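Quick notes on the structure that follows.
Since the model is a prediction, treat every value here as computed from it, not as a measurement.
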Amino acid sequence: MTDRCDIVAVTGHPTGAVHAIMAKEALERAAAERGRSIRVEVQTPKGTVDKLSHDEIEAARAVIIAADIDVDTTRFADKPIVGAGISSALSTPAAGALIDRAWSLAEGLEPAEDVARDFVSPDSVFIAEGFGNRDDLLDFISRSAVALGYATDAATLKTAFLKREAEGTTGMMDGFAVPHAKSPTVRRAAVLVVRDDEGVDGWQTMDGLPVTVAIALLIPEGGEESLHLRLLSRVAEALMDEDFRAEVKVAGDSATIAEAINERLG
């Protein structure tokens, strides 16, 4: 009888087996750290190593595709799938982030569809809270992240936000700021949005204007770095669009703001 495994995975690289094998080892280490069982298939230009059986796939709760090649996913029908590239090799922390996300999908803690498409929920958008300064707003974001289940300790998260601000302001232009924090207290990547129409002082914005909209990014420590950079890049790109900025600043409800941001993150 085939041993049941929690997660099955496929790795692969177009130029050879080295990156794929390194990804396999990283996934196995990260799974062991979490007490999860995993079986990893390696696809190389010369063939497949450790091919997954039908029974193993059927028994698994989730699937990880860590590959820079096209992988046929039809055999994983009805299984939640998490994907990532391995061009720069997959570190153990990044592999752990993939396993955490895959298991969250398996447990129904995240929707199985593209996470970026529905990254921001209306519950994560707050309008007209009336904050006195930047630190008050960051404190509110940190406490809200805990209340929503995105983080476990508000004080630790706020410290991470302030540390990032000390390295360089996240204030942008036209009333926007993009505070972001990477911390072990963050359970999973998330985006929170706070709009204060009166303006929040204490942020060193590029044009000297107070912040009216803060789009906060929360990233688990050791989480997938590419996700962090992709979110930052897409938010920055969105803020270059005057229509996007105007929509977020005048929208009358949280759902409209969430939808506008999700369209840019997807």
Side-chain angles (χ1 to χ4, degrees), residues 3-13 17-43 49-50 52 56-57 59-69 71 73 76 79-116 119 145-146 148-153 156-157 159-160 163-164 180-191 217-233 265:
D3 290 337
R4 181 185 180 90
C5 53
D6 297 325
I7 299 170
V8 293
V10 178
T11 70
H13 196 273
V18 175
H19 282 303
I21 292 173
M22 291 175 64
K24 175 181 185 293
E25 293 172 347
L27 287 166
E28 290 172 342
R29 285 194 298 269
E33 290 174 356
R34 289 159 172 75
R36 303 286 178 207
S37 57
I38 191 170
R39 269 274 290 120
V40 185
E41 174 183 297
V42 179
Q43 296 187 5
V49 179
D50 294 331
L52 295 168
E56 287 172 328
I57 294 171
R61 298 283 304 283
V63 180
I64 294 173
I65 307 295
D68 288 331
I69 59 173
V71 175
T73 60
F76 305 121
K79 300 282 184 182
I81 299 176
V82 172
I86 56 171
S87 297
S88 302
L90 187 69
S91 67
T92 301
L98 289 175
I99 290 171
D100 290 342
R101 183 175 160 204
W103 196 250
S104 292
L105 292 173
E107 294 286 283
L109 300 178
E110 292 187 39
E113 61 267 19
D114 182 5
V115 174
F119 214 96
V146 172
L148 290 166
Y150 298 147
T152 58
D153 187 274
T156 299
L157 183 57
T159 297
K163 179 181 178 182
R164 175 59 186 84
H180 43 284
K182 180 177 287 189
S183 170
T185 191
V186 178
R187 296 178 60 195
R188 69 178 180 88
V191 177
L217 312 182
L218 284 64
I219 305 294
E221 189 170 89
E224 186 183 352
E225 185 65 20
S226 62
L227 174 61
H228 186 188
L229 296 176
R230 186 165 65 251
L231 289 175
L232 279 174
S233 175
L265 294 181

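- Residues satisfying the side-chain hydrogen bond (donor to acceptor under 3.5 Å, both in side chains) test with T73, not counting sequence neighbours, are none.
- The minimum heavy-atom distance linking A106 with R61 is given by the pair O-NH2, 3.0 Å.
- Between the CG atom in L27 and the CD1 atom in I7 there is a gap of 8.5 Å [rounded to 0.5 Å].
- Listed by chain and number, the residues in a side-chain hydrogen bond (donor to acceptor under 3.5 Å, both in side chains) with D153 are T156 (sequence neighbours excluded).
- With rounding to the nearest 0.5 angstrom, the CD atom of E28 is 9.0 Å from the CZ atom of R39.
- Scored by the side-chain hydrogen bond (donor to acceptor under 3.5 Å, both in side chains) test, R36 finds no partners at all (sequence neighbours excluded).
- The two atoms that bring K79 and V63 nearest to each other are CB-CG2, 3.7 Å, heavy atoms only.
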CA sep, side-chain torsions, deciding dist, call: K24, D50, side chain to side chain contact (heavy atoms under 4.5 Å, CB included): CA-CA 11 Å; K24 175 181 185 293; D50 294 331; 3.5 Å; yes
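- Here the CD1-CD distance, from I65 to E41, works out to 8.5 Å after rounding to the nearest 0.5 Å.
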Side chain to side chain contact (heavy atoms under 4.5 Å, CB included) evaluation trace for S37 with D6: CA-CA 5 Å; S37 57; D6 297 325; 3.4 Å; yes
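- Take A30 and apply the side chain to side chain contact (heavy atoms under 4.5 Å, CB included) test, not counting sequence neighbours, and it matches R34, T92, A95, I99.
- The side chain to side chain contact (heavy atoms under 4.5 Å, CB included) test applied to R164 returns E167, T170, H180, not counting sequence neighbours.
- Scored by the side chain to side chain contact (heavy atoms under 4.5 Å, CB included) test, I57 finds L52, R75, F76 as partners (sequence neighbours excluded).
- In this structure, T11 contributes its side chain and V42 its backbone to no donor-acceptor pair below 3.5 Å.
- The minimum heavy-atom distance linking L157 with A145 is given by the pair CD2-CB, 3.7 Å.
- What you find for Q43 and A20 is that their closest heavy atoms are O-CB, 4.4 Å.
- With contacts defined as side-chain heavy-atom distances shorter than 4.5 Å, the pair V186/I219 does not qualify.
- Of all heavy-atom pairs between A160 and S183, the closest is CB-CB, 4.0 Å.
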